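Working notes, beginning with the structure itself.
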Amino acid sequence: MILVSGNLFLLNTDHTSYAFCVRDNRLLEHLYYGASVPEPREADAFVRSLSHKVSHSKGTTINYRKDSPLTLEDLPTEYASVGKGDFREPAALLVFADGSRSADFVYESYEIPDEIAELEGMPSALAADDEGVSRLIVRLRENQKGVRLDLIYTVFPASDVITRRAVLYNDTEEELQILRLMSTQLDLRSETYKMLTFGGNWGREMERHETVLTHGLHVNHTRTGISSNRNNPFVMIAEQDAGERAGSCFGLNLVYSGNHYEACEVDSFGGLRFVSGIDPEGFCWKLNKGDAFATPEAVMTYSDSGFSGISANMHAFVRRHIIRGPFRDRPRPVLLNSWEASYFHISEFKLLQLAKKAAQAGMELLVMDDGWFKGRNSDNAALGDWVADEKKLPGGIRRLSQKVHGLGLQFGIWVEPEMISEDSDLYRKHPEYAMQIPGREQSLGRNQMILDLTNPAVRKTVIASMRAVFKDNGIDYVKWDMNRLFSDVYSSVLDKERQGECAHRWMLGLYEILDTLMKEFPDILFEGCASGGNRFDLGMLCYFPQIWGSDDTDAIMRTKIQSGYSYGYPLSCVSAHVSDCPNHQTLRTTPLYTRYNVAAFGVLGYEINLCDLRKEELQEIALQVEMYKKWRDVFFAGDFYRVTDKEWMVVSKDKRRAVAMIWNELNVPNDGALMLQCRGLDDEKTYHVCNVPIAHDLKEFGNLVNMVLPVHVRQNSLLHNAIAKFKHMDGETEDYILSGAFLNRAGIELAQSFGGTGYEGQTRLFQDFASRMYYFEETGGHASL
Ligand code: DGJ
């Protein structure tokens, strides 16, 4: 809800309030962002109590106007520029035709439009009409030059999110240059904050980092050209003592996939300014008279329930307002991907062998990954030539997809449309399509170059080549990959004074391509990918309902990576696969059930050579898929909780069903009791809680079998193998009927863990990398507690 009263603007979501006012001098002053405040009876009293009090000039500050002691240096504002005494991080930095940079944007008017239009040319959050989404546009004008600036606030009440963006209109007679134009600015009064950022690298995306915000500038950004795995654009600012379940926190993100910038500056008066938007480094935009420049949309949420409150808000927002199209609420198919099964060595024969096994295991989609097109036998060649390799696929894509459909599976394909290989027909014909600086050797990444998507001819070619692949070939799913960062950024179709626009124009070019193809192929499920999570952001999620979280399929690494994503993104958009062991990235061996348990807390898939597996493994996988299908709606749409650093839980929206998972890293003998803690259950409901006992292989006990056997058995001998084949040890059973109130508060002490002193059926074998899944179902039965 948006309230405008006198000079006060108050934006309310269900549990938060955001307020600013217009001061006497027509400056926008930020007043408040936090938990909901009561609607003011008198706007004036509200403004008077929160607005900055000034009676004398301060120290060596600059007076904003000759006739007033007010300085901008410690005034919380809505959108700061430079040159008038505010020395903190600016939101706007412009160079006018005369070379001057001072800018002074003051209030002119506001508008609350009836229609909430989408941003043109860039992805933005969708207003779902049943949720009371509303928009405020505040119009500012530069005092002397006359340039106009719109600040656009959109309020999403149910998810407690407010989005912001800015549009600069050059309605003057002269051109100007934009050196930075941030999407949002947030001025907070306290200095006792920390900033949480999520970054890493290939194979270890989304590590959580905490920085105590002391005096000075703290920046999370990327200059890689894409949002990148180095520093994800999602950040949190939290009070220093805030934690998972309590404390004041802000969650901030950008609906953008290019170079981004999130900066916190603690100033010398103890205030904290946050700005975020397109990374100003390397950015420069010439704005001709009559032109406008729109920033990407920034997303902000507040919660006083710690990180979990931010995650809940962000999950609701992403699910409802970012993900769109027919797949938004549709649980996703369980897939088998060919990459780790065969890498580039694929053929119709091999893929059909895999597909048969996948169908037998109950899977629903076969994905043909990289290697299917002409000349693509390694990552050295062929990107750009999107025609099937006749040797590998003699009847083309269509014949393969028909055969896969005939097995009762959907068919998916891998593409990397934004790239070009030097060794490709496309490059031989159109070397100018590659992004490179004339006369300078282009640095390569994964042996490939980036197509210059600022060039309309290149965009046309990409759209046409993808159309040819997607159309009439029986494609149900596309994995859209992107495997290198930017270097030698340059566009041969831009003038030299516009090269600073190249990276952003490239991203706008990509959005245009995606927009065209998504509209043309609404029934294809698209999955984003960039060497795993190198471009995992809200911009991409507007086109791709799911993104491949990481090339690292090791279950233990995935617990960390998926936990990292879960702070800002619902796990229903992070795809996760069960792969082979030793794992291809870590060479670690983890139990098959742990690999499944971790991947099920994402969009489940398999990326493993089913043809090479033992019969027992295939049976186990078939049971996993069967179980997943029964619980898929809970994993997909439920509320997710990071219960501890080794326990996740997901609870269905109606709170009738839930699943929890605990896992172990390195086993410790003689350890303390392990509690199953619960979150999010309905206090009033009664739940049946149980596990599916694991049948342990005798060989897990190694030599210890000799403690119970009448004859001596040498480890790994024929006899040992034979006994192990027929004799399994039943794992522990957990079975309780308990109330939600009891579970939410007290939990369950789980069976004793094996500690080197004996084993019987109720002992929990919790070796390195073991895990357990617990299922909760509402029961009509009576809870004893
Ligand atoms: C990188 C992706 O992340 C992998 O899953 C796989 O698709 C390869 N590219 C194929 O080249």
Side-chain angles (χ1 to χ4, degrees), residues 200-206 224 226-230 232 257 332 335-347 350-351 354 365-386 388-389 392 411-421 423-424 444-450 466 469 475 477-485 525-537 540 544 546-554 557-558 561-562 565 573-580 583-586 595 599 602-609:
N201 210 302
W202 178 85
R204 47 185 171 80
E205 292 87 347
M206 295 302 278
T224 57
I226 51 177
S227 51
S228 94
N229 50 28
R230 311 305 202 264
N232 194 273
S257 315
R332 313 289 158 64
L335 62 79
L336 177 69
N337 177 295
S338 66
W339 182 240
E340 285 197 15
S342 308
Y343 292 101
F344 292 103
H345 313 297
I346 50 172
S347 64
K350 280 192 192 172
L351 290 163
L354 286 174
L365 162 67
L366 179 88
V367 179
M368 173 170 70
D369 208 285
D370 199 354
W372 60 266
F373 45 104
K374 199 169 55 93
R376 186 68 171 173
N377 298 311
S378 73
D379 58 19
N380 274 315
L383 292 171
D385 301 343
W386 299 104
D389 180 338
K392 292 178 182 173
F411 177 74
I413 197 165
W414 176 96
V415 290
E416 195 180 354
E418 302 155 59
M419 296 292 149
I420 181 166
S421 303
D423 181 3
S424 68
L444 299 182
R446 209 195 187 202
N447 311 311
Q448 62 199 47
M449 291 178 285
I450 300 181
M466 286 304 113
V469 174
I475 308 282
Y477 159 107
V478 168
K479 177 172 171 189
W480 183 295
D481 206 348
M482 195 284 184
N483 285 307
R484 65 155 290 181
L485 303 173
L525 168 63
F526 282 84
E527 172 163 331
C529 175
S531 310
N534 211 356
R535 193 167 62 184
F536 200 112
D537 57 69
M540 283 297 128
F544 306 141
Q546 58 192 58
I547 299 181
W548 178 226
S550 176
D551 274 356
D552 194 338
T553 55
D554 174 77
M557 282 302 296
R558 273 295 187 131
I561 294 167
Q562 290 171 210
Y565 282 119
C573 64
V574 183
S575 63
H577 296 174
V578 174
S579 63
D580 212 349
N583 174 269
H584 292 193
Q585 292 75 44
T586 60
R595 284 175 262 157
V603 179
L604 176 71
Y606 288 76
E607 191 166 333
I608 188 167
N609 193 339

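In this chain, residues are counted from 1 in sequence order. Each ligand, and each atom within it, is numbered from 1 in the order the structure gives. What you see is a predicted model, and the numbers here were worked out from it, not measured in a lab.
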Within the 6.0 Å centroid threshold, strictly below: W372 and F344: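 Ring centroids of W372 and F344 are no less than 6.0 Å from each other.
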- request: For ligand 1, list the protein residues that place a heavy atom within a distance below 4.0 Å of one of its atoms, sorted by chain and number.
  value: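 Heavy-atom contacts below 4.0 Å: W339, D369, D370, W414, R446, K479, D481, N483, C529, S531, G532, W548, D551.
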- request: Decide whether E340 and T553 meet the rule of one side-chain donor and one side-chain acceptor closer than 3.5 Å.
  value: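 T553 and E340 do have a side-chain donor-acceptor pair below 3.5 Å.
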field: S575 side chain to Q546 side chain, donor-acceptor N/O pair below 3.5 angstrom
entry: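 Side-chain D/A pair, S575 to Q546: absent.
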query: Has R558 got its NZ or CZ under 6.0 Å from the middle of the six-membered ring of W548, at an angle within 45 degrees of the ring axis?
result: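 Yes; both conditions hold, so R558 lies above the ring face of W548.
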- prompt: Considering residues at least two apart in sequence or located in another chain, which fulfil the salt bridge (Lys or Arg N to Asp or Glu O under 4.0 Å) criterion with D580?
  reply: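 D580: no salt bridge (Lys or Arg N to Asp or Glu O under 4.0 Å) contacts found.
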- prompt: Salt-bridged, D370 to R376, with N to O below 4.0 Å?
  reply: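 Yes, charged N to carboxylate O under 4.0 Å.
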